[in-house]
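Naming: A, B, ... by sequence-line order, numbering from 1 per chain. Here the structure is a predicted model, which is why all the values come from computation and not from measurement. When reading the values below, keep in mind they use all heavy atoms of this one structure, side chains included, and skip hydrogens, waters and symmetry mates.
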Amino acid sequence: MSRLGTITRRGLLVASAAVAGGVAFGFYRYVQDPANPLVPGAGETVFNPWVILRADGVTVITPRAEMGQGIQTTLAALVAEEMDLDWSQVRAEHGPASATYANLAVAAAGLPFIDYRDSRMKRLAEGAMDVMGHLMGTEATGGSTSTVDAWMRMRQAGAAARAVLVQAAARRLKQNPMALATEKGAVVAPDGTRIPYGALAAEAVQIAPPADPVLKDPKAWRLLGKPLPRLDMVAKVTGTATFGIDVRLPGMLFASVRANPAPGGAMRGFDAAAARTMPGVKAVVDLGDAVAVVATNTWAAFKALETVQVTWGPAPYPATTDAIMAAIASAFDRAPNSTLRDDGDVERALAGATPLSAEYRVPYLAHATMEPMNAAAHLADGVLTVWAPNQAPTVIRDKCAAAVGLPADKVTVHTTFLGGGFGRRAEFDYAVQAAKLAKALAGTPVLLTWRREEDMTHDFYRPAAIARMQGLATADGPVALTAAVAAPSVLANQARRILGFAPPGPDKILVEGLFDQPYGIPNQRVTGHVSDVAVPVGSWRSVGNSHNAFFLECFLDELAHAAGLDPVAMRLTLMRGESPRAAAVVQAVAEMSGWSSPPPAGRARGMAFCWSFGTPTAEVIEISQGPQGIRLERMWIAQDVGLALDPRNIEAQMVSGAIYGLSAAMMGEITFADGAVQQQNFYDYDALRMSQMPVFDTRILASGGHPTGVGEPGTPPAAPALANAIFALTGQRIRTLPLNKAVTFAA
Amino acid sequence: MQLIVNGTPHQITADPDTPLLWVLRDVIGLTGTKYGCGVGQCGACTVHVNGQTMRSCSLPIGDLDGAEVTTIEGIGSPATLSVIQQAWIDNQVAQCGYCQSGQIMSAVSLLQATSRPTDADIDAAMSGNLCRCGTYPRIRAAIHDAARRLQGA
Ligand code: FES
Ligand code: FES
């Protein structure tokens, strides 16, 4: 049993009085003191619900951002399964911002452990959370951790609720609770008497729930493990799902902002005389580092904003892409921040040999979520209410509170649906801007919407990165590998923004996807070099894995070709003895793609692997050379998710992750000139379109245990699989992304 | 000026260069039509104007007096789903869902013009609609599915 489970079971389960017109059940865990989470003190009955029972069904609080990954559906199913609910009775809501919903698993994701040797759950069990301890109270969605984190907690919340409902029915019927069953939201007696949960709620809430509710045997599952209709699907195909940009309140005004085109640069002053006289304009607001126009509609705000004359300060980083890349490269000249893998004796292994050497480079990338950044806010009677499509509501709450000078308990955050997140909405900048506008227009609700151009030029980008690789392979496979990566630190940047300081010690995220891969190369060393280039950077779907898988998996392909080895067979040899789970997905993808037989004439295949977020993933892509350029023909993905809670949703994430990775690999690039971000909109920062889709084929492996991450692991292998396929097709080894600088793709 | 949106007439007094998108969203309050790029590049704002597929972000309201506009809300509601929306549900297409109003509006036009579209027809009709979540394979499947149902096949 994992520590995660232990904590929950030993936590005090309490049931509260009515919550929002219903009865709520849930756990209270003492997360304020993460070092001692086990025993809540007397009187500690602060209540944070997972389960709200209503006359017409059950609302499950699913406190992870629904940004497309289907998390509300899967988390609600954890509760619904244990409560024996009919799926049609289940609703999901994001719920309030609260430390009770802290994501324990995401805090552990930054720890410098090799996942395949020492799984994340085990790390939690060992209590190795000191480095990220400050993030313990953070309610966040990221690191593909939501299901991992909720796996025990939310099933137990459901089981505990069921237990008291059965008890209440037993009292009423004067029967032994053991004789009662539950099905479809009702307690059923042996004589067929059915009492719906709703009719038992008032009595059930008086009963002390069991401290250690019994969970169902997975063999008895009716909902988990099967494809469930997503709870948000009907709303999303009828235009009735409320995203942040759709929040409407009586008397609402509409705003937009402009910040320095060199993100992070200062605003020295502005002249908004023209804007103030334009139709519909209600106010021009100085936000300190940005100027905002508030108007009667969003378009009026956009238009007026264009007329504001602003004096901007210089970029806080080198002014051109070339200068930025040179600054990043200079990090190689300094001592490494980390040496998280140092197996064997690399110097000895390479002495006297002629190793293969290569340098790889990847650019900055934008998230380009489909819904541009936005948030609504309303300050009235000393209370600030914020509506934000966001991945970290407790951070939003605290930062907005600080921005308007209110205590956190005077701030309410509503998390709407997110029109994409990919890590961008783990930030809080847009919400703080909305909060400042609400303060400037106290009493009036304001919806702030960024123009796409503002969104593209004010991201927290996936950092550019450079890798210097050296390796030596014999006919038996690689015997030595050194990999040095230089990039700005996402971890340090995010920690500084959220906590005010960067944690000391090795930055695991900088080298994840490289140091932690299940390759038994006898001599290998991986070092990370942190660059201090100050372009704002943040988490981008799969984070460090997004570049490191490209570096490692392309270089392994180079080593295989240099030694005359088959890339798949070579990987399998390296994985043997390291990880059967990893070898199984490689084997699976080789089978699915018919790797052992040659591709059809005119086509070529490339393969790559990455172990990320607890989930080994292997991908093969098959491409062809057409008259208009290279076409993606087919793609095969095999992934071991431990335990597959919703196979159809997992399949969607595998494909989604791969497409996200392919888009970036083929055409994604943020560049700088005169300090400003050059890309503005989808015409110069595009993504794959319908006509460019390969045919996908997926296979989910479930080697058992607990569920592992699914939102991100599809992304990292996509770029190297494609680059390796291009080498197989053309003989051209491309070591710099995006690929469309070196080859042409069909539209 | 007057606009007829999903069959309902609206008297509009907005600046004539205001794009239809913002009149729908911020003036009339129909938020199903989305803003993605504002420059005709992403299709999130797709609506039908006098039966034609249009990017509402790039249509100044001044040119539209008397126009009949259909938005996603006019295609079907949760209580009255259209065949296409039902196909979207059965194929579990949406992820974040933000692009899907526009995707469905483009698909409706495609199926009105071409009762049994080929993959190439789908590529041609749908490539103006960006989806950052990568739901394209399921969109394709849902369009084929809807075409079969509309033909009663
Ligand atoms: S918002 Fe109209 S095409 Fe993008
Ligand atoms: S479903 Fe998210 S952008 Fe299409």
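Considering only heavy atoms from C-beta on, B:Pro78 comes within 4.5 Å of A:Thr240 through its side chain. For the pair A:Tyr683/B:Cys42, no side-chain contact is recorded, criterion being any heavy-atom separation below 4.5 Å from C-beta on. At a threshold of 4.5 Å between non-hydrogen side-chain atoms, the residues B:Arg25 and A:Thr298 do not count as touching.
Between the CD1 atom in B:Ile89 and the CZ atom in A:Arg230 there is a gap of 12.5 Å [rounded to 0.5 Å].
Looking at A:Pro229, the atoms closer than 4.5 Å to chain B (heavy atoms on both sides) sit in the backbone and in the side chain alike. Residue A:Thr242: no heavy atom, backbone or side chain, is found under 4.5 Å from chain B. Residue contact with chain B, scored on non-hydrogen atoms closer than 4.5 Å, involves the backbone and the side chain of A:Phe682 alike.
Chain A forms more heavy-atom pairs under 4.5 Å with one residue of B:Gly32, B:Ala94, B:Ser101 than with any other, namely B:Ala94. Put simply, of B:Met126, B:Gln103, B:Arg140, B:Gln92, the one with the most heavy-atom pairs under 4.5 Å next to chain A is B:Gln92.
Taking the six-membered ring for Trp, B:Trp22 and A:Phe302 have ring centres closer than 6.0 Å.
The backbone N or O of B:Gly38 sits nowhere less than 3.5 Å from a side-chain atom of A:Arg452 that would complete a donor-acceptor pair.
Across all their heavy atoms, A:Pro372 and B:Gly36 have their closest contact at CG-O, 4.1 Å.
In this structure, A:Arg689 does not pair ionically with B:Asp123, as no charged nitrogen and carboxylate oxygen lie closer than 4.0 Å.
In the displayed structure, B:Gln11 atom CD is contacted under 6.0 Å by more than 12 heavy atoms of other residues, nucleotides or ligands.
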